[in-house]
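Inspection log for the structure reproduced underneath, given as structure tokens.
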Amino acid sequence: MSLGYAEKLSYIEDVGNVGMTEIHDPPHILQEKLLEKIERLTKMIRKSKHLVVFTGAGISTSCGIPDFRGPTGIWTLQRGGNALPEATLPFHRAMPSRTHMALVELERAGILKFVISQNIDGLHLRSGIPREKLSELHGNSFMEKCTSCGSEYFRDFEVESVGLKETPRRCSNGDCDVRLKDTVLDWEDALPFEEMNPAEVHCDRADVVLCLGTSLQITPACNLPLRCLRGGGKFVIVNLQKTPKDKKASLVIHGFVDKVIAGVMDLLNLRIRPFVRIDLLQTIFTQALSLDQRYVNWTLRIASAHDKRALVPFIKSIEVSFSDHTMKEAVLDKYPFQLKRRTVWKIEPFDVILKVNFSEGCGCACSRIKIPIDFHASKDDLTRDRDHVFEKLKSKAIKSSSCGQNSVIERKMLTSPKTEVVIRAVVTNVRWYDEITVKTSGAGSLSKCALKRRKEGKNEAEAARKLPKGQYRNGKI
């Protein structure tokens with residue numbers, strides 16, 4: 001272990017979490033034991049040919065999302081008669097933890113082959129794990145799916161329902177047009193085959209299955225990591241508390257997942273790159289000539305790129321100004337964000353300038369968008385490579401250490417009525433992972449599923465009684 005990492009890591013927080021039998025060891029002994037275990041884990045990962053990672057709620061607590069059995073977990077607080085934590089961050093604005101982003105680097109390096117998650121927070125996808133290398137056993141709060149063609153839609157808003165119910169939106173894949181469904185399992189739902197099957201296949205092939213931030217108590221998901229033992233693979237657990245599977249593991253580390261993974265990445269000489277969040281919006285500019293052909297009646301609407309009727313959760317308000325200072329400014333402070341105006345037909349070209357004020361949880365105050373308007377000119381459709389646009393925006397955001405940058409991805413021109421629809425990508429957050437010490441907040445984001453559990457008064461025993469087959473809906477375990 002490099003001296004730099006050992007000096008930066010705060011071991012005071014880990015006292016009592018390295019192992020219950022070590023509770024009376026002096027701090028320097030605890031430090032040595034933790035470092036030794038991190039070194040062992042690093043060697044196993046370095047030698048692995050097929051590494052699979054199995055994750056639970058413990059990897060998202062540092063994102064402000066409470067777990068269930070941790071010291072400030074939902075069920076822990078309920079058992080003690082304590083109030084559940086109030087959300088300090090909107091659930092849809094939660095950002096990936098150090099562990100999420102470390103897994104992305106391991107995948108890019110060719111070390112990590114597959115991720116299996118019990119979480120429904122969507123942070124693995126948002127962090128950059130490829131969909132084909134991820135099984136989300138209990139669903140994703142931000143994902144809708146077409147049950148006809150299989151198309152998936154990853155949203156920037158939390159889908160309205162849970163329990164595989166129909167949503168207000170339809171599939172846009174070709175002529176499909178089937179009503180979409182949410183993907184989050186309810187209490188009685190079985191684990192979906194399309195998620196469970198690849199998880200089983202990769203666990204069977206794995207020579208190392210690394211379990212991060214999971215108590216391994218909910219079946220059948222908790223038995224997946226054990227499948228690697230049949231082929232001689234190794235099973236590793238990193239979790240704050242003991243688990244029922246500890247005795248079967250080749251290595252157990254009771255500690256904060258972020259700190260353990262930071263040590264592993266340090267030893268592997270892999271840098272965790274910043275996370276840059278990019279959200280989408282669309283501007284819809286519609287114009288029509290008046291009957292006397294002297295004026296143009298026009299409408300500007302700023303809407304969700306996912307669905308015109310959906311809220312744009314990262315926008316608080318929009319201030320509208322014009323390059324022609326004779327035109328009256330406006331403030332759009334409620335949804336739908338829409339401005340209607342009447343302008344003389346012979347007016348010179350002008351710019352509409354939007355100051356898009358971001359909502360709580362975004363990394364900066366606003367983004368400025370300029371929309372050139374020329375009633376007498378025509379424009380062509382435009383489609384840019386989305387990945388290329390995203391990479392350029394990320395590079396600019398990281399280089400400037402700021403967010404708010406935006407760029408056009410697509411433009412479509414409609415003729416009746418004359419309409420310009422432009423999809424824009426906007427950088428709304430940048431997060432760095434340079435510091436080793438990770439701050440974990442007890443309060444944070446509560447999903448609709450967690451809120452539903454709070455309203456229903458669900459506790460661990462009640463959940464067990466409702467799950468005769470061992471299934472669990474939320475999955476943040």
Side-chain angles (χ1 to χ4, degrees), residues 53-68 87 89-104 107 114-146 151-165 167 169 180-186 189 191-192 194-195 198-199 212-214 221 275-280 304-307 310-314 359 361-362 390 425 428-429 431 444-452 472-477:
V53 171
F54 184 86
T55 67
I59 73 164
S60 295
T61 53
S62 61
C63 309
I65 302 174
D67 59 5
F68 290 92
L89 181 73
F91 185 51
H92 60 84
R93 296 311 305 177
M95 287 188 288
S97 66
R98 180 187 306 279
T99 300
H100 286 103
M101 298 307 294
L103 297 183
V104 173
E107 188 277 325
F114 201 76
V115 176
I116 305 166
S117 181
Q118 301 169 94
N119 300 342
I120 62 167
D121 52 35
L123 290 178
H124 281 304
L125 274 182
R126 211 171 290 286
S127 68
I129 293 292
R131 182 66 179 98
E132 65 272 13
K133 295 187 177 182
L134 172 67
S135 278
E136 295 180 304
L137 298 179
H138 301 107
N140 185 326
S141 291
F142 302 92
M143 185 75 77
E144 292 177 286
K145 186 172 182 177
C146 175
S151 295
E152 294 182 327
Y153 300 84
F154 190 38
R155 308 302 193 185
D156 61 3
F157 55 85
E158 192 176 359
V159 178
E160 300 88 337
S161 61
V162 298
L164 312 179
K165 299 181 181 68
T167 72
R169 291 161 290 278
L180 301 175
K181 291 186 176 183
D182 73 79
T183 62
V184 177
L185 305 186
D186 211 333
D189 294 320
L191 299 183
E194 59 269 25
E195 303 296 334
L212 300 176
T214 171
F275 167 72
V276 179
R277 173 154 179 174
I278 297 178
D279 287 295
L280 302 177
S304 169
H306 299 271
D307 177 27
L311 296 175
V312 192
F314 63 93
S359 61
C362 293
F390 278 26
T428 55
N429 278 99
R431 182 178 183 181
S445 305
L446 290 178
S447 68
K448 286 186 173 66
C449 293
L451 290 172
K452 179 182 177 183
Y472 180 62
R473 169 177 64 82
N474 189 283
K476 294 193 293 182
I477 297 296

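Count residues from 1 along the sequence.
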Review point. Strictly by modelled atom types, are Ser97 and His100 linked by a side-chain donor-acceptor pair under 3.5 Å?
Key: yes

Practice item. Would you tell me whether Arg93 and Thr428 have side-chain atoms, one donor and one acceptor, within less than 3.5 Å of each other? Key: yes

Check your understanding: Counting only N and O atoms by type, is there a donor-acceptor contact under 3.5 Å from the side chain of Ser141 to the main-chain atoms of Glu158?
Key -> no

Point to revise | Gap between atom CD1 of Ile278 and atom CZ of Phe390 - 0.5 Å precision | key: 5.0 Å

Exercise for review: Take Arg155 and Glu160, measure what salt bridge (Lys or Arg N to Asp or Glu O under 4.0 Å) needs, and give me the verdict at the end.
Suggested key: CA-CA 11 Å; Arg155 308 302 193 185; Glu160 300 88 337; over 6 Å; no

Point to revise | Distance (rounded to the nearest 0.5 Å) between Asn140 CG and Tyr153 OH | key: 15.5 Å

Revision key, fill the gap. The reported gap from CG in Asp279 to CZ in Phe157 (rounded to nearest 0.5 angstrom) is 11.5 Å

Review point. Does Arg131 come within less than 4.0 Å of Glu195, counting only side-chain N to carboxylate O?
Key: yes

Point to revise | Thr214-Gln118 side chain donor-acceptor pair, cut-off 3.5 Å | key: yes

Practice item. Identify the two heavy atoms, one from Arg126 and one from Phe142, that lie closest to each other, and give their separation to 0.1 Å. Key: NH2-CG, 3.8 Å

Revision key, fill the gap. Shortest non-hydrogen pair, Glu136 vs Gly122, comes out as OE2-CA, 4.2 Å

Exercise for review: Please check if the side chain of Asp182 supplies one atom and the backbone of Leu164 the other of a donor-acceptor pair under 3.5 Å.
Suggested key: yes

Exercise for review: Would you name the heavy atoms of Ala199 and Leu137 that are closest together and state the gap between them?
Suggested key: CB-CD2, 4.3 Å

Review point. So, the side chain of Asn429 versus the backbone of Phe275: is there a donor-acceptor pair under 3.5 Å, distance only?
Key: no

Review point. Atom CG of Leu123 and atom CD1 of Ile129: how far apart are they, to the nearest 0.5 Å?
Key: 11.5 Å

